Amino acid sequence: MRKPGYNLALAGLLLCFIVVILGAYTRLVHAGLGCPDWPGCYGFLTVPQSDHALETAQLRFPDDPVEAFKAWAEMIHRYAAGTLGLLILGLAVIGIRQRRDPGYPTGLCVGLLALVVCQALFGMWTVTLKLWPQVVTAHLLGGFATLSLLLLLVLRLSGRLPALHPTRSLTRLRLLARFALAVVILQIMLGGWTSTNYAAEGPGRTAIHFTHRLGALLTTFVVLLLGWQLWRARLHGLALLMCLALTAQVGLGITNVLAALPLAVAVAHNGMAALLLLCTLAV
């Protein structure tokens, strides 16, 4: 039986995936500083467009000329992230109201709210520290963490998680699944470090990019091993879903290299990384 907040958590999960995609797009079109201030844009709630607003913007930030395309990319990402924050605030309120229910994940709801507050701070520091790679990477990983916790919340509120009887084979499978999840997370961290240092766009940081490729080989091996074990355990749906996500992700990664990082493929590579993480987490 579904618990209160399920539909809101599901909406939050879908919106968070969109926010992750928007964040990747903003980063890849170099629009992270499309608005030199935060949370507004040149001191306005929206991108300045009128002649008077543009003149005011240039007076406020004489060293940062207004580029409407980049500013809108940045602000749309902020609007979506802000809406997600309000949804998660609603989930926290529901969680606190349901705290007397011993099976309700109140701690997870409140933890999500704390994580979103940290994400807002990282979003601000991304701008104020002028895209400092460490902060941008932390902001990226925080987005993936938010997405992961929302999936856990959806699963726990769905009422569809059956109890599994502990067996020796299940214990081994659980250990392998946890190891695979750790490897996928590490690979996403390497991908984030590659992206925020723009190591896939030039020869200056080849070692970072090459490390990410080595990580891809390890991730492919471990996830395929987990998929095989899931298939043997008759969990065919999970095995197929995870292996399809892995295949698509590897294909997108190779295409990025061969086609010199086309924007659509690079954005899809970020999105598929999120889907692979969710599949592994679901396992």
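What you see below is based on every heavy atom in this structure, not just the backbone, and it leaves out hydrogens, waters and symmetry mates. Computed from a predicted model, the values in this text were never measured in an experiment.
- A cation-pi arrangement, defined by a distance under 6.0 Å to the six-membered ring centre and an angle within 45 degrees of its axis, is present between R60 and F44.
- Using a 4.5 Å heavy-atom threshold, the side chains of R78 and V127 count as touching.
- Residues L10 and L150 form no side-chain contact, since every pair of their non-hydrogen atoms from C-beta on lies 4.5 Å or further apart.
- Using modelled atom types, one side-chain atom of Q58 and one backbone atom of V66 make a donor-acceptor pair closer than 3.5 Å.
- Note that OG1 of T247 is 10.5 Å distant from CE of M242, once rounded to the nearest 0.5 Å.
- For the pair L140 and R27, the minimum side-chain heavy-atom distance is below 4.5 Å.
- Proximity of I94 to C109: side-chain heavy atoms (C-beta onward) are nowhere separated by under 4.5 Å.
- For F144 against A273, the heavy-atom pair with the smallest separation is CE2-C, 4.1 Å.
- Between V19 and H77 the shortest side-chain heavy-atom distance falls below 4.5 Å.
- Classified by interplanar angle (parallel below 30°, tilted 30° to 60°, perpendicular above 60°), the ring pair H139/F122 is tilted.
- By the rule that hydrophobic residues join a cluster once side-chain heavy atoms approach within less than 4.5 Å of another member, L275 and L226 end up as members of one cluster.
- Residue pairs meeting the disulfide bond (SG atoms under 2.5 Å apart) criterion with at least one member in residues 219-283, sequence neighbours excluded, do not occur.
- Residue L33 holds its CG atom at 11.5 Å from OG1 of T26, rounded to the nearest 0.5 Å.
- If you run side-chain contact (heavy atoms from CB on, under 4.5 Å) between L84 and each of L13, L147, L15, only L15 comes through.
- Annotation: side chain of L87 is not in contact with side chain of L91 (no heavy-atom distance under 4.5 Å).
- Within a 6.0 Å sphere centred on CE of M124, heavy atoms belonging to other residues, nucleotides or ligands number more than 12.
- Looking at V257 and R213, their side chains come closer than 4.5 Å, going by heavy atoms from C-beta outward.
- Here the straight-line distance linking atom CG of L263 with atom CG of L28 works out to 6.0 Å at 0.5 Å rounding.
- W193 has its side chain within reach of I208: a pair of non-hydrogen atoms, C-beta onward, lies under 4.5 Å apart.
- For the side-chain contact (heavy atoms from CB on, under 4.5 Å) test with L149, the passing option among V154, V116, L112 is L112; the others fail.
- Closest of all the heavy-atom pairs between A248 and M272 is CB-CE, 3.9 Å.
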